[in-house]
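Notes follow once the structure below has been shown.
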Amino acid sequence: MTSPSRADDGQRPFGTLNNPTGWYRHYCLALIFIVLVIAYVDRGIFGVVLEPIKKEFGLSDLQLGFLTGPAFAVFYAVMGIPLARWADMGNRRVVVALCLAIWSAMTALGGLAQNFLTLFLTRIGVGIGEAGAVPPTHSLASGYYPAQHHGKVASLLSFAALLGSFAGVVVGGAVLAATDWRTTLMLVGLPGLVLAVITFLTLREPRSITRVPRPSEVFDAESRRIVTHLFNTPTYFQLVLAFLIISFFTLGMPAFLIPYFQRSFELDVSMATRYYGITALLSTVAGTIIAGVVVDRLARRDVAWKLRLPGILSLVAAPIMIAGLLSDDVKRCLLLYGIANMLVFVALPALYSTVYGISLNSERSMALAILGLITNLIGLGLGPVIIGGLSDLLAPQFGVDSLRYALAASVLFLAWAALHMLIGAKTLAQDAAAVAEAPPGA
């Protein structure tokens, strides 16, 4: 296939584009951003509807933990590797559009569930679909922009997670207050089907040669070589540990924050989602901006700051977050939570940006998918279950405040993850240099 001329490059919306620039590159990034927003809306909405689901089906906190954890996370994690392999070898537009349609449809079908089992099955479907969200979208976005802009791209896509989570909480809370949990899930899921069609028709794959991998190629010798190379990269290994451990906090805790505000402060769902959603939005925006500006600026002097600064700030955030969760005043709780959350969200975009810099273009989706496999299988798969189980265990002693202490205990994982960020900072410069020196197209 003949490459488009320089005059055409990035100036037309259709056709395979090599190294797109101009308005089309920005359009692709904007569309990817919206897709990720929808992903996090569909993921975050479930925390809003937990309390009415608990009451209708008579579930325990442990069962709620299984719905928010393993039902989603196990299949999200298992499907992540084959979908990432497809993304690394094939047309990422097809992967994104197909997966978006699946998770949106399954979210809507959740509103038709008649018992714990059928709701569990729809959550499995959401997990399968969302396994194809982060790796191919991040891989596409990073390929559209040069390395010096990767920090900003990662920050923008991390902001999509924030905006989606905020919309899922606040808008979802308002819809739930006006309707019921079934209608809420259906109204949230259906728009994603329309977006899937738009994505398929207008998003284009920059690579000239793409193909669908055979099943035998998903875990073939080349796949094993990629995995071995990644885990033999010292910084990547520390990133795996950091992502895994911090996910107990970042993925486990949010599943129960709305019920926490409802129970410990006796807020109705509308007020709980509004207070929490606005606080999370403002604090995450601030953290994301800091990550996009300050981290890249420091990294130009010493690339190790991409991990050093997040590690330091995560250590500072841990005691602040614990103090907020244990506060008996809702305003003080929200203030301390906002400060700590801002510091944490300096870390997350910087971690993704680091992955861009230490993995080759041909293995970047796989690098992200491995992180998704491990962190979601362990952090999201076990995090809500552990928090829910601990809450049930503490209930006889602390009553409705049992969830408060279970959430506070999960913050200890944040401090632990920070140590691995600081260890990874020591080898980051060497590993990034090795990728920079690799042949073009590697």
**Message:** Quick one, Leu403 and Ile387 - any side-chain contact, counting heavy atoms below 4.5 Å?
**Reply:** yes
**Asked** Please walk me through it: do Glu363 and Leu230 pass side chain to side chain contact (heavy atoms under 4.5 Å, CB included)?
**Response** CA-CA 9 Å; Glu363 62 185 22; Leu230 289 170; 3.6 Å; yes
**Asked** Would you call Pro70 and Val385 a side-chain contact if the rule is heavy atoms closer than 4.5 Å?
**Response** yes
**Complete:** Tightest non-hydrogen contact, residues Ser104 and Gly192, listed as OG-CA, 3.2 Å
**Request:** Examine distances only and state if a side-chain atom of Ser402 and a backbone atom of Gly399 form a donor-acceptor pair shorter than 3.5 Å.
**Result:** yes
**Asked** What are the two closest non-hydrogen atoms of Ala409 and Leu390, and how far apart are they?
**Response** CB-CD2, 4.2 Å
**Salt-bridge criterion met for Asp431 and Lys426 (N-O under 4.0 Å)** = no
**Asked** In terms of side-chain geometry, is the basic nitrogen of Arg308 or Asp302 positioned less than 4.0 Å from the acidic oxygen of its partner?
**Response** yes
**Request:** Please answer whether the main-chain N or O of Gly127 pairs with a side-chain N or O of Glu130 as donor and acceptor at a distance below 3.5 Å.
**Result:** no
**Prompt:** Tell me the ring-ring contact (aromatic ring centres under 6.0 Å, His included) pairs involving residues 386-407, sequence neighbours left out?
**Reply:** Phe398-Tyr405
**Prompt:** What do the steps show when you test Thr284 against Asn341 for side chain to side chain donor-acceptor pair (under 3.5 Å), and what is the final call?
**Reply:** CA-CA 6 Å; Thr284 309; Asn341 194 59; 2.8 Å; yes
**Request:** Using atom types as modelled and distance alone, determine if a side-chain donor or acceptor of Lys54 lies under 3.5 Å from a backbone N or O of Leu59.
**Result:** yes
**Message:** Let's go through Asp328 and Arg332 carefully: what are the C-alpha distance in whole Å and the side-chain angles of both, what is the deciding distance for side chain to side chain contact (heavy atoms under 4.5 Å, CB included) to 0.1 Å, and is it a yes or a no?
**Reply:** CA-CA 8 Å; Asp328 57 3; Arg332 187 183 307 118; 3.7 Å; yes
**Request:** Give, for atom CZ of Phe237 and atom CD1 of Ile423, the distance between the pair rounded to the nearest 0.5 Å.
**Result:** 10.0 Å
**Message:** Quick check against the 3.5 Å criterion: does Thr233 have a side-chain atom that pairs as donor or acceptor with the backbone of Thr235?
**Reply:** no
**Prompt:** Within 45° of the axis and under 6.0 Å from the centre of the six-membered ring of Phe120, does NZ or CZ of Arg123 qualify?
**Reply:** no
**Prompt:** Does OH belonging to Tyr275 count more than 12 external heavy atoms closer than 6.0 Å?
**Reply:** no
**Item:** Greater than 12 external heavy atoms within 6.0 Å of Phe57's CZ
**Value:** yes
**Item:** Pro384 and Phe256, any side-chain heavy atoms less than 4.5 Å apart
**Value:** yes
**Prompt:** Any sub-3.5 Å donor-acceptor pair from Arg274's side-chain atoms to Val170's backbone N or O?
**Reply:** no
**Prompt:** Tell me, do Leu239 and Ile358 make a side-chain contact under 4.5 Å, heavy atoms counted?
**Reply:** yes
**Prompt:** Is there side-chain contact between Arg404 and Leu326, with heavy atoms separated by less than 4.5 Å?
**Reply:** yes
**Item:** Heavy-atom side-chain contact between Met421 and Ile246 under 4.5 Å
**Value:** yes
**Message:** Atom CD of residue position Gln430 - does it have more than 12 heavy atoms of other residues, nucleotides or ligands inside 6.0 Å?
**Reply:** no
**Sidechain-backbone polar pair: Ser314 side chain, Gly311 backbone, donor-acceptor under 3.5 Å** = no
**Asked** Could you walk me through whether Ile124 and Leu121 pass the side chain to side chain contact (heavy atoms under 4.5 Å, CB included) check?
**Response** CA-CA 5 Å; Ile124 288 176; Leu121 292 176; 4.1 Å; yes
**Asked** Could you walk me through whether Val355 and Leu351 pass the side chain to side chain contact (heavy atoms under 4.5 Å, CB included) check?
**Response** CA-CA 7 Å; Val355 176; Leu351 296 181; 5.9 Å; no
**Request:** Determine the minimum heavy-atom distance between Tyr337 and Tyr276, stating which atoms define it.
**Result:** OH-CE1, 3.3 Å
**Request:** Please tell me if the side chains of Cys99 and Leu83 come closer than 4.5 Å, counting only heavy atoms from C-beta onward.
**Result:** yes
**Asked** With a cut-off of 6.0 Å (strictly less than), are more than 12 heavy atoms of other residues, nucleotides or ligands near OH of Tyr236?
**Response** yes
**Phe200 atom CZ, over 12 foreign heavy atoms within 6.0 Å** = no
**Asked** Heavy-atom distance under 4.5 Å between the side chains of Leu325 and Met253, does that happen here?
**Response** yes
**Message:** Run Trp181 and Glu56 through side chain to side chain donor-acceptor pair (under 3.5 Å) and show every step you take.
**Reply:** CA-CA 10 Å; Trp181 70 268; Glu56 180 173 332; 2.7 Å; yes
**Message:** Parallel, tilted or perpendicular, judged at 30° and 60°: which one describes the rings of His420 and Trp416?
**Reply:** tilted
**Item:** Donor-acceptor pair, side chain of Asp42 and main chain of Thr107, under 3.5 angstrom
**Value:** no
**Prompt:** Centroid-to-centroid, Phe265 to Tyr260, below 6.0 Å?
**Reply:** yes
**Asked** What pair of heavy atoms forms the shortest contact from Thr137 to Val96, and how long is it?
**Response** CG2-CG2, 3.8 Å
